[in-house]
Structures are given as structure tokens and as C-alpha cells.
**Q** 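Provided herewith is a single structure, encoded as C-alpha cells, for subsequent inquiry.
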Amino acid sequence: MAKRYWLMKCEPSAYTIEDLERDGRTSWEGVRNYQARNFMRDDMHVGDGVLFYASNADPSGVTGTAQIVRAGYPDHTAWSKGHKYFDHAKGEDSPVWYMVDIGFGQRFGATVPLETLKATPGLEAMAVTQKGSRLSVQPVTKSEFQLVVRLGRSR
DNA sequence: GCCAACGTTGGC
DNA sequence: GCCAACGTTGGC
């Protein structure tokens with residue numbers, strides 16, 4: 001299985017690359033979008049690379065990297081009553097929502113801002129640089145991943 | 001905080 | 001199956 005690459009968004013008020021550096025690894029629960037769910041359930045594999053993207057941040061952008069350390073498994077928070085991600089329509093017998101675990105990779109010296117991503121040749125096709133793109137889990141190519149890492153390391 | 005763009009829901 | 005209404009996302 002060839003290694004794949006992903007970009008995952010999170011608001012800093014929920015979780016940051018600094019949190020991941022401290023924790024070492026974390027579970028990526030709470031995704032309630034079918035397209036993102038499909039990527040996590042079907043296409044993510046241990047060892048895949050992840051660009052960690054801070055949304056609604058100042059500035060928004062890629063703050064570091066991670067890797068998949070556990071492939072897709074049912075998101076139990078969807079059927080935990082009272083949990084903030086509880087989804088009453090779904091039962092434990094037929095999981096609808098999935099999550100993965102990610103491990104810390106590296107923290108960039110500074111955020112690679114969205115503005116920079118948009119202005120960098122070779123990154124034009126990234127979903128995150130498209131207007132109106134809201135997908136919180138999205139595939140990126142190997143060259144896009146490597147380009148962003150290079151931008152991050154030089155900061 | 002504003003608001004445009006998007007995804008989902010539900011009436012018909 | 002259409003589409004208006006609604007809730008959410010996320011840049012600014």
C-alpha cells in the first residue's frame with residue numbers, strides 16, 4: 001500500500017499542533033461530514049502523512065505535520081449520550097461515523113499561512129486553497145505535502 | 001463579529 | 001426529486 005498524504009483541519013480552540021506535540025498522539029473524533037468520513041474509514045492507513053491545518057486562526061494555515069497511527073474505527077462519541085459529538089440518529093450496532101488516531105510529526109517554526117499556500121506555484125490544486133472549500137479532511141499529493149513541509153521547515 | 005459558501009433537512 | 005430554510009464552516 002503506497003503511502004498517502006492528507007490535510008486535516010482543526011480550530012486552535014479545539015486542538016493545536018502544540019497540544020499534539022505534548023500528547024504525542026490523539027484521536028480525531030467528531031468529524032460529521034460524509035466525504036471526510038469516507039476518507040477516514042476507507043482510505044487512511046497507518047503511516048500516511050498529515051498536514052496539520054489550523055482553521056479560524058491568526059493566521060490560518062499549516063502549523064506542522066502528523067502521521068496516521070491508527071486507521072479508521074467507529075467514532076464512539078457519536079453514540080455517547082451527553083457527549084458534545086453525540087448523534088442521536090446512529091446506533092452502536094451500525095456505526096456511521098469514524099475516526100482515526102494521529103501521532104505527532106513536527107511543529108513548524110511558524111505557520112505556513114493560507115495566503116502563502118495560495119501564492120506558491122504547485123499548490124494551486126490543493127482543496128484548501130479553493131474558495132469555499134470546507135472539507136475538514138482532504139487528500140493532498142506527495143509533491144504538495146513535500147512542498148508545504150519545505151515551506152514549513154524554512155520558517 | 002460578519003457574512004458568503006456550503007451541506008443537510010424536510011415539506012411538498 | 002426539487003428547493004427553500006436552516007445550521008455550520010471558516011476567511012477576513
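Worth saying up front: this structure is predicted, and the values here are computed from it rather than measured. Every chain is numbered from 1 and lettered A, B, ... according to where its sequence line falls, protein lines coming before strand lines.
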**Q** Would you please classify the geometry between the A:Tyr34 ring and the A:Trp97 ring as parallel, tilted or perpendicular, with 30° and 60° separating the classes?
**A**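 Ring orientation, 0 to 90° scale: tilted.
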
**Q** To the nearest angstrom, how far is A:Gln138 atom CD from C:dT9 atom P?
**A**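 Computing the A:Gln138:CD to C:dT9:P distance gives 15 Å.
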
**Q** Give the rounded distance in Å between these two atoms: CG of A:Leu135 and P of C:dG10.
**A**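 About 9 Å, once rounded to whole Å.
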
**Q** Nearest whole Å is fine: how far is C:dC12 C1' from A:Glu115 CD?
**A**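 So the CD-C1' distance, A:Glu115 to C:dC12, works out to 11 Å.
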
**Q** Output yes when at least one side-chain N/O atom of A:Lys131 is less than 4.0 Å from OP1 or OP2 of B:dA5, else no.
**A**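 Answer is yes, contact under 4.0 Å.
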
**Q** With a cut-off of less than 4.0 Å, is there a side-chain N or O of A:Tyr53 near OP1 or OP2 of C:dG11?
**A**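 For C:dG11, OP1 or OP2 has a side-chain N or O of A:Tyr53 closer than 4.0 Å.
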
**Q** What is the distance, to the nearest angstrom, from the CE atom on A:Met8 to the P atom on C:dT9?
**A**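 Whole-Å distance recorded here is 15 Å.
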
**Q** In this structure, how many angstroms lie between the P atom of B:dG7 and the CG atom of A:Asn38, rounded?
**A**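 Interatomic distance, CG of A:Asn38 to P of B:dG7: 14 Å.
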
**Q** For C:dC12, take OP1 and OP2 only and decide whether either is under 4.0 Å from a side-chain N or O of A:Lys118.
**A**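 Yes.
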
**Q** Can you classify the ring geometry of A:Phe145 versus A:Tyr5 as parallel (below 30°), tilted (30 to 60°) or perpendicular (above 60°)?
**A**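 Geometry flag for A:Tyr5 against A:Phe145: tilted rings.
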
**Q** Choose from C:dG10, B:dT8, C:dC12 the nucleotide whose nearest atom is closest to any side-chain atom of A:Lys9.
**A**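 Closest of the options to the side chain of A:Lys9: C:dG10.
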
**Q** Reading DNA chain B from 5' onward, which residue's closest nucleotide shows up sooner: A:Asn56 or A:Asn33?
**A**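 Its nearest nucleotide being more 5', the pick is A:Asn56.
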
**Q** Would you mind checking if A:Asp48 and A:Arg4 are paired as a salt bridge, meaning a charged N to carboxylate O distance below 4.0 Å?
**A**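 No salt bridge links A:Arg4 with A:Asp48.
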
**Q** Roughly how many Å is it from CE in A:Met126 to P in C:dG11, rounded to a whole number?
**A**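 Atom-to-atom, A:Met126 to C:dG11, this comes out as 13 Å.
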
**Q** Measure CD/A:Gln35 against P/B:dA5 and give the value in whole Å, please.
**A**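 So the CD-P distance, A:Gln35 to B:dA5, works out to 19 Å.
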
**Q** Are the charged groups of A:Arg32 and A:Asp75 less than 4.0 angstrom apart, N to O?
**A**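 A salt bridge links A:Arg32 with A:Asp75.
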
**Q** For a quick test of reading the model: is some side-chain N or O of A:Ser60 closer than 4.0 Å to OP1 or OP2 of C:dG10?
**A**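 Indeed not, no polar side-chain atom of A:Ser60 lies that close.
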
**Q** Taking ring-ring contact (aromatic ring centres under 6.0 Å, His included) as the criterion, tell me which of A:Trp28, A:Phe104, A:Phe108 meets it with A:Phe52.
**A**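 Exactly one pass, corresponding to A:Trp28.
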
**Q** Could you state the CD-C1' distance from A:Gln130 to C:dT9, rounded to the nearest angstrom?
**A**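 Interatomic distance, CD of A:Gln130 to C1' of C:dT9: 17 Å.
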
